[in-house]
Amino acid sequence: MNIFSHFEEIVSDALSSLQSAGTLSADLDLARVAVEPPRDPSHGDIATNAAMVLAKPAGMKPRDLATHVSAALEASGHFTKVDVAGPGFINMTVRDSFWQTRLADVLAARTAYGVSEMGKGQNVNVEYVSANPTGPMHVGHTRGAVFGDALANLLEKASFDVCREYYINDAGGQIGVLADSAFLRYREALGEDIGEIPEGLYPGDYLVPVGRALAADHGDKLLTMAKAERNEIVRAAAVEAMMDLIRGDLDALGIEHEVFFSERELHQSGKIDTTLKQLDNKDLIYVGVLEPPKGKTPDDWEPKPQTLFRSTNFGDDVDRALKKSDGSWTYFAPDIAYHLDKYQRGYTHLIDVWGADHGGYVKRMKSAVEAVTEGGADLDVKICQLVRLMRNGEPIKMSKRAGTFVTLRDVVEEVGRDAVRFMMLYRKNDAPLDFDFAKVTEQSKDNPVFYVQYANARIHSVLRNAAADDGLSGVDITDSALATADLGSLSDEAELGLIKHMLQYPRMIEAAAEAHEPHRVAFYLFELASSFHALWNKGKDHPELRFIVPEQRDVTLARLALIRATGYVIASGLGVLGVEPIEEMR
RNA sequence: GGUCCCGUAGCUCAACUGGAUAGAGCACCUGCCUUCUAAGCAGGAUGUUGCAGGUUCGAGUCCUGCCGGGAUCGCCA
């Protein structure tokens, strides 16, 4: 559990006691009162802004109110010290034994430590990747894939019921191109010399097996078949093959979606029509003519009546087209139906993970979700900025035409799944990311992937040594034994610092889940690893601080409990990131 | 031109949804390295948070206007 919510209760109890004593009025809004660890540890263990937030509504000066609150907190008996500082902060200090004994919580929970009840009873649908099934995944897709997956893990850690979903764009014009490209490969498989792949078709080798499979299944029958019928066969086979390819790519990253949702099925089931009918009944659809974009009118612009959705009613800048000039749906129309379908399947929290190039699409989608669910669902769109691949400090130039674009597989095979995942998450999603091949595989402190893994490996190294050490032979170092160790000896500043750092993990998980920001987990782990390494290094100058002190069994056991718990927190956090903790590095 | 994102130490980036003296790593300076794993360690210096206003006890964070960079801009997905 999050121990800071424990202190929140204590502070809130203190405030109520002031209310019943008449010092504070009973109808005070306590919503803005925060109970947090102070940034500067010298300020104590816990701080609250209660006095500053409540001063004005209470009609008191912050420092005066703080004195009252601090007296009430002191009276609670939970703290060894309560101070008023600065403009009216109240700083609280807890006795060391409080922190020490909390280690047992970690040892009991193991890698389940940090699980929060925050999302209990709520479900959330996370849609990510959704790459067009026209070829293998490239690096551009990788970041969104890893981000979405880690976010899903994070929300699960916060007890949300999570659905990982992939929207298959299998209905648009690009799928027609895919089918034509596959048909060409089919003719090739039948022995025809197809020469150069014509401009506009997909030239990739990955379609060669699709052509062969079609030839094996159908012989030369497709050549004489009616075009519509043949197209359907080729399209279905090609999309199926591409999805297999993509699923394989995702598997290489350790990603598995529960739901693959087909856009094509939306068209066929008539759901688009019924969805738009629903909007039409609310007078949210009309036929009108849009203004050209200001300042940049396209050359071929001509005013045309279009079927439009009134997204401006919901905060969008212009109304958005639902039909193309040939009468078929735009991409937007089925997407509205799709999001309604998610809602009808019971999801009230929707998250979409998109690439940076779709940023201009966010407002209309949020508008549509609000309209079509009548405010029943909320949509959060997470935009992942571009990834720049670097080698030796130089950006790698990619060109689809020249066939030099780097696939997801290329990257995973070169640096490994764990390193790819960690690095993709070691940056806020809306900031661009440089991915340097050399740095990611480097074994040094400069590489956060390695630094965190190395901390865990060191921990297990010590545990192995402890199990093998003659001076300790016969001593029980199982978790249950460590949990009962006398932890009072963990009194060094670095030891207490590590404990306190570790105990912030549940709070960090909740905040990250709330904000939909998995990168916070990665940064937290780097800092926790840093705390651990610092303690390790301190043992060099101060041998009495080393983890294994053969002549002092109790101290050793306490320290083993400390690092065992640290290892669990690291493993737990890496689990959220989808990275395998390494226990031995040779 | 409209919209969205970004702008923080010389460089790459954080900053717990408004908290106290804005923090890490790299690079730089000084001193250490035959170990529970030096794949280094300890310490030091480093800032007008792009600019100008505003909101309030308090702003890197929220609001307005500029400057600069990126993405995008009726029928591609």
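In what follows, chains carry the letters A, B, and so on, assigned in the order in which the sequence lines appear, proteins first and then strands, with residues in each chain numbered from 1.
- Looking at heavy-atom distances under 4.0 Å, A:Ala512 makes no contact with the nucleic acid at all.
- Ring pair A:Tyr451/A:Phe526 is tilted by interplanar angle, where 30° to 60° counts as tilted.
- Spacing between B:U12 and B:G31 at atom P, rounded to whole Å, works out to 30 Å.
- Under a 3.5 Å cut-off, the side chain of A:Glu442 and the backbone N or O of A:Asn447 do not form any donor-acceptor pair.
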Using a cut-off of 4.0 Å between protein heavy atoms and nucleotide atoms, how would you tag nucleotides 24-34 of chain B 5' to 3' with B, S and -? S-S--------
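- Atoms CG (A:Leu54) and C1' (B:G58) sit 15 Å apart, rounded to a whole Å.
- For residues 427-438 of chain A, the pairs satisfying side-chain hydrogen bond (donor to acceptor under 3.5 Å, both in side chains) are A:Arg388-A:Asp434, with sequence neighbours left out.
- Put simply, the side chain of A:Trp354 reaches to within 4.5 Å of the side chain of A:Val362, judged on heavy atoms.
- Atom P of B:A71 sits at a distance of 28 Å from the matching atom of B:C16, rounded to the whole Å.
- The distance between atom NE2 of A:His501 and atom C1' of B:C16, rounded to the nearest whole Å, is 11 Å.
- Look at CD on A:Glu442: it is 14 Å from P on B:A39, rounded to the nearest Å.
- For the pair A:Met390 CE and B:C11 P, the computed distance is 15 Å after rounding to whole Å.
- Atom name P, nucleotides B:C13 and B:U8: the rounded distance is 9 Å, in whole Å.
- Under the 3.5 Å distance criterion, the side-chain polar atoms of A:Ser311 are matched with a main-chain donor or acceptor of A:Val318.
- When each of A:Leu386 and A:Val462 is assigned the nucleotide of RNA chain B bearing its nearest heavy atom, the one mapping closer to the 5' terminus is A:Val462.
- Residues A:Arg464 and A:Glu583 are not paired through a salt bridge, judged by the lack of any N-O separation under 4.0 Å between the basic side chain and the carboxylate.
- The NZ atom of A:Lys538 sits 9 Å away from the P atom of B:G43 (whole-angstrom rounding).
- In this structure, A:Leu535 atom CG and B:U37 atom P are separated by 15 Å, rounded to whole Å.
- Looking at RNA chain B, the stems built from 3 or more consecutive Watson-Crick or G-U wobble pairs, each pair with its key distances under 3.5 Å, are B:1-7 with B:67-73, B:10-13 with B:23-26, B:28-32 with B:40-44, B:50-54 with B:62-66.
- At the heavy-atom level, A:Phe523 lies under 4.0 Å from the strands shown only through sugar-phosphate atoms.
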Letter by letter from the 5' end, nucleotides 72-77 of chain B scores (B base, S sugar-phosphate only, - none; protein heavy atoms under 4.0 Å) SBBBSB
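- Residue pairs meeting the salt bridge (Lys or Arg N to Asp or Glu O under 4.0 Å) criterion with at least one partner in residues 35-55 of chain A, sequence neighbours excluded, are A:Glu36-A:Arg507, A:Asp45-A:Lys500.
- Using a 90° window around 0 for the glycosidic torsion, B:U17 falls inside it and is classed as syn.
- Between B:A39 and A:Ser444, no contact under 4.0 Å exists linking OP1 or OP2 to a side-chain N or O.
- Under the 4.5 Å side-chain criterion, counting only non-hydrogen atoms from C-beta, A:Glu127 is not in contact with A:His257.
- For A:His141, the ring pair (Phe, Tyr, Trp, His ring centres under 6.0 Å) partners at least two apart in sequence or on another chain are A:His138.
- Sorted by first then second residue, the salt bridge (Lys or Arg N to Asp or Glu O under 4.0 Å) pairs that include residues 524-534 of chain A, not counting sequence neighbours, number zero.
- For residues 48-67 of chain A, no pair satisfies side-chain hydrogen bond (donor to acceptor under 3.5 Å, both in side chains), with sequence neighbours left out.
- Between A:Asn447 and B:A39 there is no side-chain N or O to OP1 or OP2 distance below 4.0 Å.
- Comparing the C1' positions of B:U72 and B:G58 gives a spacing of 37 Å, expressed to the nearest Å.
- Using a 4.0 Å cutoff on non-hydrogen atoms, the parts of residues 422-430 of chain A near RNA chain B are A:Arg427, A:Lys428, A:Asp430, ordered by number.
- Evaluated for a ring pair (Phe, Tyr, Trp, His ring centres under 6.0 Å) with A:Tyr167, the options A:Phe260, A:Tyr338, A:Tyr128 yield exactly one hit, A:Tyr338.
- Here, B:U64 and B:G23 have their C1' atoms 30 Å apart, quoted to the whole Å.
- Considering only residues two or more places apart in sequence or on other chains, A:Arg564 meets the salt bridge (Lys or Arg N to Asp or Glu O under 4.0 Å) condition with none of them.
- Aromatic ring orientation, A:Tyr505 versus A:Tyr113: parallel (interplanar angle below 30°, classes split at 30° and 60°).
- Here the separation of B:A27 from B:G70, taken at their C1' atoms, is 27 Å to the nearest Å.
- At the phosphate of B:C57, OP1 or OP2 sits under 4.0 Å from a side-chain N or O atom of A:Lys56.
- Between the C1' atoms of B:G25 and B:U46, the separation comes to 14 Å (whole Å).
- Among residue pairs with one or both ends in residues 509-521 of chain A, those qualifying as salt bridge (Lys or Arg N to Asp or Glu O under 4.0 Å) are A:Glu517-A:Arg520; sequence neighbours excluded.
- The salt bridge (Lys or Arg N to Asp or Glu O under 4.0 Å) test with A:Lys342 is passed by exactly one of A:Asp352, A:Asp335, A:Asp378: A:Asp352.
- Residues A:Asp434 and A:Glu584 both approach RNA chain B. Their nearest nucleotides, taken by heavy-atom distance, put A:Asp434 toward the 5′ side.
- For B:U48 and B:U37, the P atoms lie 45 Å apart once the distance is rounded to whole Å.
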All N/O contacts under 3.5 Å from nucleotides 17-20 of chain B to the protein, with atom names and distances to one decimal?
{"from": "B:G19", "atom 1": "N7", "to": "A:Asn49", "atom 2": "ND2", "distance (Å)": "3.4"}
{"from": "B:A20", "atom 1": "OP2", "to": "A:Arg39", "atom 2": "NH1", "distance (Å)": "3.3"}
{"from": "B:A20", "atom 1": "N6", "to": "A:Asn91", "atom 2": "OD1", "distance (Å)": "2.6"}
{"from": "B:A20", "atom 1": "N1", "to": "A:Asn91", "atom 2": "OD1", "distance (Å)": "3.0"}
{"from": "B:A20", "atom 1": "N1", "to": "A:Asn91", "atom 2": "ND2", "distance (Å)": "2.9"}

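- When rounded to the nearest whole Å, the span between CH2 of A:Trp536 and C1' of B:A39 equals 12 Å.
- Ring planes of A:Tyr454 and A:Phe450: parallel class, angle under 30° (limits at 30 and 60°).
- In this structure, CZ of A:Phe532 is placed 15 Å from C1' of B:G40, rounded to the nearest angstrom.
- In this structure, the side chain of A:Asp319 does not engage the main chain of A:Leu290 through any donor-acceptor pair within 3.5 Å.
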